[in-house]
Number of protein chains: 2
Amino acid sequence: MLKLTRKVEYALIALQHMHGKAPGDITKAKEIAQQYTIPLQLLAKILQQLAREKIVEPVQGPNGGYRAKVPLGAISLTEFVEILEGPMGLVDCNIDSDCIQLHQCNIRLPIQRVNNTIKSVFDNLTLAQITGDEAGNKPS
Amino acid sequence: MLKLTRKVEYALIALQHMHGKAPGDITKAKEIAQQYTIPLQLLAKILQQLAREKIVEPVQGPNGGYRAKVPLGAISLTEFVEILEGPMGLVDCNIDSDCIQLHQCNIRLPIQRVNNTIKSVFDNLTLAQITGDEAGNKPS
DNA sequence: ATTAATACGACAATAATAGTCGTATATGTT
DNA sequence: AACATATACGACTATTATTGTCGTATTAAT
């Protein structure tokens, strides 16, 4: 419960890896898949999705791969998660709101408040803070 | 993703309902199930679990049901969720930590920090703030 | 006795997540 | 031109987590 999906994890690992290189450098999906033991096909599809979203730039053909494109400080964790997984919410009625209960529901508003708190944590976190190398990101 | 389970939702609805009554009053599972359109058997099992955890007191036989027991201000959302769903963490290595990656993982510590932030939101929220009737919990 | 409630293990159904396969397309190298 | 190696992507399968059901036992008021 309340877990990140592997899709998001893999995407973060990939971005972190790519941004560890010199700007403009190309990274192959295979390289990441091997280094972090991620199924290649799955990772490939994730990178393709990031490419469609212009977060990464694809380069085809041999010597191809992906190039970091958007500065990670420009993407919030909320945006990122929602790009990969769709709208985020602790509860369905935070998203679509066709629920049998709704009018008789006695926890809707309080949960909505909790949801907003969580969401603002994610809103205020940039990917740079997760994949970047600021304080705290040292080996234990 | 990042959703509460129905189990948790149903449990919160039930507690909120029970705590809306006079102290000592008994509530039947059936009553809650009907009012909020929750499958009776499922709700029953959840209430039984809350009874085992001493959050609620069971009363058997006809005219039986459950009686609110623990003051809701005394239970954090973290405790509650973990009672119902087991340990909570954005990522498995926040919980058990047998992961093929681990040593080579490049996002472990940063994710752990995010996890701690979320967790502290839940730690600092009591059920009273969710099921109780303080500010904000009015019909929209 | 009967009835209406909880207790609970085992099972079944559904849905979400994770992963695979096949095939097409692009492009550098020979 | 042929080949090798990369991305692109839809369709499929497998696995796991969640949600819900069933059957049966127990308790206790009437």
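Predicted model only: the values in this text are computed from it and were never measured. Below, each value reflects all heavy atoms present in this structure, side chains not excepted, and no hydrogens, waters or symmetry copies. Order of the sequence lines fixes the chain letters, A, B, ..., with proteins taken first and strands second; residue numbering starts at 1 for each chain.
Put simply, the side chain of Glu82(A) reaches to within 4.5 Å of the side chain of Thr78(A), judged on heavy atoms. Annotation: side chain of Leu72(A) is in contact with side chain of Leu15(A) (closest heavy-atom distance under 4.5 Å). Taking the side chain as every heavy atom from C-beta outward, Ile95(A) and Pro87(A) approach each other to under 4.5 Å. In this structure, the side chains of Leu90(B) and Lys3(A) stay at 4.5 Å or more apart for every pair of heavy atoms.
Atom P of nucleotide dT23(C) and atom CD of Gln48(A) are separated by 17 Å, given to the nearest angstrom. In this structure, Leu42(B) places its CG atom 15 Å from C1' of dA10(C), rounding to the nearest Å. The CD1 atom of Ile46(A) sits 9 Å away from the P atom of dA18(C) (whole-angstrom rounding). dT14(C) atom P lies 18 Å from atom CG of Asp92(A), rounded to whole Å. The distance between atom CG of Leu4(A) and atom C1' of dA18(C), rounded to the nearest whole Å, is 15 Å. As rounded to whole Å, 9 Å separates atom C1' of dT17(C) from atom CD of Glu85(A). As rounded to whole Å, 14 Å separates atom C1' of dT17(C) from atom CG of Leu84(A). Rounded to an integer number of Å, the gap from Lys28(B) NZ to dA7(C) P is 15 Å.
With hydrogens and angles left out, the side chain of Lys45(A) and the base of dT20(C) share a donor-acceptor pair within 3.5 Å.
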For residues 42-68 of chain B, dump all side-chain donor-acceptor pairs below 3.5 Å to protein atoms at least two apart in sequence or in another chain.
residue  : atom : partner  : partner atom : Å
Gln49(B) : NE2  : Ile83(B) : O            : 3.3
Arg67(B) : NE   : Gly24(B) : O            : 2.9

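If you find the closest nucleotide of DNA chain D to Lys3(A) and to Leu40(A), the one lying nearer the 5' end belongs to Leu40(A).
Residues Met88(A) and Met1(B) approach most closely at CG-O, 4.3 Å, considering heavy atoms.
Under a 3.5 Å cut-off, the side chain of Asn115(B) and the backbone N or O of Ile111(B) do not form any donor-acceptor pair. Judged by distance alone, the side chain of Thr37(B) and the main-chain N or O of Ala33(B) form no donor-acceptor pair under 3.5 Å.
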message: Glu9(B) vs Arg108(A), test: salt bridge (Lys or Arg N to Asp or Glu O under 4.0 Å). Steps then yes/no.
response: CA-CA 10 Å; Glu9(B) 288 181 48; Arg108(A) 182 146 143 273; over 6 Å; no
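Taking every nucleotide of DNA chain D with any atom under 4.0 Å from a non-hydrogen atom of chain A, the first and last of them, 5' to 3', are dA4(D) to dT18(D).
Between Tyr10(A) and dG19(C), a side-chain N or O to OP1/OP2 separation shorter than 4.0 Å is present.
The stretch residues 51-66 of chain A touches DNA chain D through Arg52(A), Pro58(A), Val59(A), Gln60(A), Gly61(A), Pro62(A), Gly65(A), Tyr66(A), each having a heavy atom within less than 4.0 Å of the strand.
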